[in-house]
Amino acid sequence: MAIVVIRQDDRIDLWKNALQNAHNGIKVYSFLEDHPKEDITMAVIWKHPKGSLAKYPNLQCIASAGAGVDYIFEDDTRPKNIPITRIVDPYLASDMSEHVLAVILAHLKNLNSYKLDQMANVWVPKDYLRIKDVTVGILGLGELGALTARDLVSFNFNVQGWSRSKKEIEGVKTFYGPQGQQDFLSATDILVCLLPLTPATKGILNKELLSQLPKNAFVINVARGGHLVDEDLIALLDSDHLSGACLDVYHTEPLPATHPFWNHRKVHMTPHYASVSDTNSVIPQIIENYNRLGSAEKLQNLVDSDKGY
Ligand code: NDP
Ligand code: OXD
């Protein structure tokens with residue numbers, strides 16, 4: 001039994017060492033070094049090169065190092081009959097909630113447009129909004145969406161949420177399924193997308209959906225770039241239906257230099273860093289699953305392959 005870490009960013013050694021240090025005697029390899037492929041039973045991955053998972057004949061589990069697993073389903077060469085797990089972690093959820101709160105407060109108090117004014121030596125006071133004036137609508141009430149909703153309630157925001165199945169969250173008006181979408185959207189001033197990217201949610205932030213938001217609504221996409229139809233967002237910003245958008249995720253990351261988002265006055269960008277798995281916090285759940293594989297126990301944080309999340 002051994003683990004291979006597969007990721008293409010500069011965190012591969014961080015993850016390899018953190019796994020190695022968490023469990024005495026465990027064998028952990030980077031996919032970049034020579035390693036015995038037949039020994040590998042668990043792959044701990046993040047945005048792996050397509051095809052890399054097919055090299056392990058004895059793989060028993062694919063463990064996503066993040067909450068999202070869309071990139072795994074996009075790899076048709078992955079072994080299909082083994083479990084996929086994902087990260088469920090209190091810091092991943094609270095970091096996301098803090099990010100969303102920061103973006104919303106910056107929007108209410110015009111902080112981004114004041115920064116643009118400052119760069120242009122412009123002094124123009126602008127009307128601001130109060131927390132009680134707006135309703136925040138969250139698409140997706142899972143691990144991240146539900147905590148974000150609860151935290152916003154604790155700051156006295158009006159909060160509503162939309163999910164696939166019915167949810168009850170204290171202080172949050174909830175909607176579900178296609179039948180609940182229209183009422184949810186028409187009362188949402190600030191839309192936050194925290195859905196997983198699946199065939200059912202791909203391109204969901206399109207002209208048809210975004211047009212149902214009230215005039216001057218603000219859009220926050222912290223889920224996946226594939227949820228958003230970029231040109232539809234730009235058209236609704238340019239026609240002044242939407243007052244602005246804050247994006248953390250993009251179809252291609254890093255965002256290509258020629259993309260119109262870079263220089264759009266109403267688009268505020270962060271580089272897919274709203275919330276990131278903290279190895280100190282998440283390694284224990286991966287080690288726990290590694291041990292469970294050894295004793296043939298049911299794994300934690302399993303992904304439902306039929307639903308794709
Ligand atoms: P969960 O799986 O816990 O929650 C997903 C939620 O979306 C659930 O409420 C689910 O409904 C709902 N949902 C899924 N499909 C549909 C649908 N077709 N219609 C309506 N609702 C739907 O995910 P997490 O909260 O853990 O994470 C959400 C996403 O956030 C991740 O998939 C990832 O893409 C993104 N993310 C982004 C980060 C960043 O830094 N930008 C960091 C971490 C995650 P139900 O409850 O009924 O199943
Ligand atoms: C995740 C992410 O899914 O970082 O964890 O986007």
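One-based numbering, in listed order, for ligands and for the atoms of each.
Taking 4.0 Å as the cut-off, R86 does not count as a neighbour of ligand 2 on heavy-atom distance.
Of the possible polar contacts, none joining the D117 side chain to the W123 backbone as a donor-acceptor pair under 3.5 Å is found.
The pair D304-R86 does not count as a salt bridge, with every side-chain nitrogen at least 4.0 angstrom from each carboxylate oxygen.
Looking from atom 3 (O) of ligand 2 to the surrounding protein, the closest heavy atom is G68 N, 2.7 Å. Distance from atom 5 (O) of ligand 2 to its nearest protein heavy atom, with residue and atom name: A67 N, 2.7 Å.
Between atom 7 (O) of ligand 1 and the options G145, P196, A223, the minimum heavy-atom separation is to P196. In this structure, of F175, Y309, Y273, W162, the residue bringing a heavy atom nearest to atom 20 (C) of ligand 1 is W162.
No donor-acceptor contact under 3.5 angstrom links the side chains of N301 and T85, judged on distance only.
At a heavy-atom cutoff of 4.0 Å, ligand 2 is contacted by the side chain of W46 but not by its backbone.
Close approach to S275 involves these atoms of ligand 2, each under 4.0 Å from a residue heavy atom: 4 (O). Under a 4.0 Å criterion applied to the non-hydrogen atoms of V249, ligand 1 contributes the atoms 41 (N).
Below 3.5 Å of separation, one finds an N or O of H272 facing an N or O of ligand 2.
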